[in-house]
Amino acid sequence: MGVTEASGSELDVLPEEHRTAYEAAEIIGTSGGEVDLEKLAALKPDLILVQFSSDDWDKVGKQLEAIAPTVSWGLDTEWKAFADAIAGAGNVADALKQQKAEFKEKVAKIQKTYGKIIKDTSFVDVSRGDWSDPGTFYIADIGCSEIARDDIGLDLPEAAEGKDPLAYESLPFEQISELSEYDVLTYPVDADSKPTEPFKPVVETNTWKALPAVSSGRALGVFCPGNNSYGPVNRYLDSLDSALATLPGKQ
């Protein structure tokens, strides 16, 4: 098996068995999308799976197809459709079926257990990334917050139709106080339930500590290992479930 290189932050959230599989694979390209075609060809692959921008595909698509049958998806492919397509191409439909059933059960459990909160509570999901400028954060309306909003039904802010996602706008720390209009805050934590390294500067500010949601126990750390397939999304739902369970008056 050959794979393009994963970043340290991507590897940190992988289950152990997936990390072991990655470490046993041949690295045939960079995380930025550069592929060593000679290394790839030397593996004599049975199938090549790629997710590229249209520009990248135009550069190497025909070369990949000359090496082995190639299945390609654009970067804008919706995650559920992408999971279905990957499972079909890789002949692991049975495993996906089980993950889908788990997803459905977890969503139903959260909706049933926290129905009143979902109905009556306003949420905001805030985050920072390695790429964020110093002293800035953003309101997350893409990624795992989409699952919480679109599948669970949490009242979370999102960009107006046709506009760029809110997550694309960096907000200065001076605007942290404006988060006080929301009943519950969610923020990113790692697998050990500690604020992620990029987000630590936010929780260390006095403005964050003074927020009503923070002082009343309504700031919830949630682990999001990814939203590109049912496996990581199911882990996210488990974390969200556990976080909601800590809210006062959860029923």
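Everything quoted here is computed from the prediction, not taken from an experiment. Worth knowing before you read on, the calculation uses all heavy atoms, side chains too, and leaves out hydrogens, waters and symmetry mates.
With sequence neighbours excluded, the residues satisfying side-chain hydrogen bond (donor to acceptor under 3.5 Å, both in side chains) with Ser122 are Asp183.
Distance alone, capped at 3.5 Å, is enough to place a donor-acceptor pair between the Glu78 side chain and the Ala81 backbone. Judged by distance alone, with hydrogens and angles left aside, the side-chain atoms of Thr70 form a donor-acceptor pair with the main-chain N or O of Ala68 at under 3.5 Å. In this structure, the side chain of Ser215 engages the main chain of Pro212 through a donor-acceptor pair within 3.5 Å. Between the side chain of Gln99 and the backbone N or O of Pro232 there is no donor-acceptor pair closer than 3.5 Å. Gln51 contributes a side-chain N or O that, together with a main-chain N or O of Gly74, makes up a donor-acceptor pair within less than 3.5 Å.
Put simply, the side chain of Asp141 reaches to within 4.5 Å of the side chain of Arg149, judged on heavy atoms. Residues Leu171 and Ile176 fail the side-chain proximity criterion, which asks for heavy atoms closer than 4.5 Å. Phe223 has its side chain within reach of Arg235: a pair of non-hydrogen atoms, C-beta onward, lies under 4.5 Å apart. Residues Asp241 and Lys106 have side chains not in contact (no heavy-atom distance under 4.5 Å, counting atoms from C-beta outward). In this structure, Ile147 and Trp79 have side chains that are in contact, with non-hydrogen atoms separated by less than 4.5 Å. In this structure, Arg218 and Leu247 have side chains that are in contact, with non-hydrogen atoms separated by less than 4.5 Å. In this structure the side chain of Ile152 never reaches within 4.5 angstrom of the side chain of Phe123, judged on heavy atoms. Residues Asp155 and Tyr182 form no side-chain contact, since every pair of their non-hydrogen atoms from C-beta on lies 4.5 Å or further apart.
Leu211 and Leu156 fall into different hydrophobic clusters, where Ile, Leu, Val, Met, Phe, Trp and Tyr are joined by side-chain heavy atoms under 4.5 Å apart, directly or via other members. Cluster annotation: Leu14 is connected to Ile27 through the hydrophobic network of ILVMFWY side chains, with a link wherever side-chain heavy atoms come within less than 4.5 Å. In the hydrophobic clustering of this structure, Ile117 does not group with Leu179; members are Ile, Leu, Val, Met, Phe, Trp, Tyr whose side-chain heavy atoms approach within less than 4.5 Å, directly or through other members. When the side chains of ILVMFWY residues are joined at heavy-atom separations under 4.5 Å, either directly or via intervening members, Val107 and Leu220 end up in a single hydrophobic cluster. Put simply, Phe52 and Leu37 are part of the same group of oily side chains (I, L, V, M, F, W, Y) that touch within less than 4.5 Å, one to the next.
Nearest heavy atoms, Arg128 versus Val202: CD-CG2, 3.5 Å. In plain terms, the two heavy atoms of Cys144 and Gly226 that are nearest each other are SG-O, 3.8 Å. Residue Gly2 comes nearest to Ile28 through the heavy atom pair C-CG1, 4.0 Å, listed as atom of the first residue, atom of the second, then distance. Nearest heavy atoms, Pro188 versus Ser127: CG-OG, 3.5 Å. When all heavy atoms are compared, the tightest approach of Ala219 to Trp208 is CB-CZ2, 4.2 Å. Residues Ile142 and Pro165 share a closest heavy-atom pair of CG2-CB, 3.9 Å.
Taking a 6.0 Å sphere around CG of Asn91, one finds it holds 12 or fewer heavy atoms contributed by other residues, nucleotides or ligands. Taking a 6.0 Å sphere around CG of Asp120, one finds it holds more than 12 heavy atoms contributed by other residues, nucleotides or ligands. Counting non-hydrogen atoms of other residues, nucleotides and ligands closer than 6.0 Å to CD of Glu17 gives a total above 12.
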Applying side-chain contact (heavy atoms from CB on, under 4.5 Å) to Asp151 and Lys80, what does each step give before you reach the verdict? CA-CA 12 Å; Asp151 292 285; Lys80 292 178 182 175; 2.8 Å; yes
Check step by step if side-chain contact (heavy atoms from CB on, under 4.5 Å) holds for Leu64 and Trp57. CA-CA 9 Å; Leu64 292 173; Trp57 176 255; 4.1 Å; yes
Checking side-chain contact (heavy atoms from CB on, under 4.5 Å) for the pair Val50/Thr4: CA distance, chi angles, key distance, verdict? CA-CA 10 Å; Val50 298; Thr4 50; over 6 Å; no
Step-by-step side-chain contact (heavy atoms from CB on, under 4.5 Å) determination, Phe103 to Val233: CA-CA 8 Å; Phe103 173 81; Val233 167; 3.6 Å; yes
Acceptor/donor pairs from residues 129-140 side chains to any protein atom, 3.5 angstrom cut, sequence neighbours excluded:
| from | atom 1 | to | atom 2 | distance (Å) |
| --- | --- | --- | --- | --- |
| Ser132 | OG | Gly129 | N | 3.0 |
| Ser132 | OG | Gly129 | O | 3.4 |
| Thr136 | OG1 | Asp133 | N | 3.4 |
| Thr136 | OG1 | Asp133 | O | 2.6 |

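Under the 4.0 Å criterion applied to side-chain N and carboxylate O atoms, Asp190 and Lys194 are not assigned as salt-bridge partners. Salt bridge status for Glu16 with Arg19: absent, with no side-chain N to carboxylate O gap under 4.0 Å.
The hydrophobic cluster containing Trp73 also includes Leu47, Leu49, Val71, Phe82, Ile86, under a criterion of side-chain heavy atoms closer than 4.5 Å among ILVMFWY residues, counted directly or through chains of members.
Once rounded to the nearest 0.5 Å, the distance linking CD of Glu5 with CD of Glu10 reads 9.5 Å.
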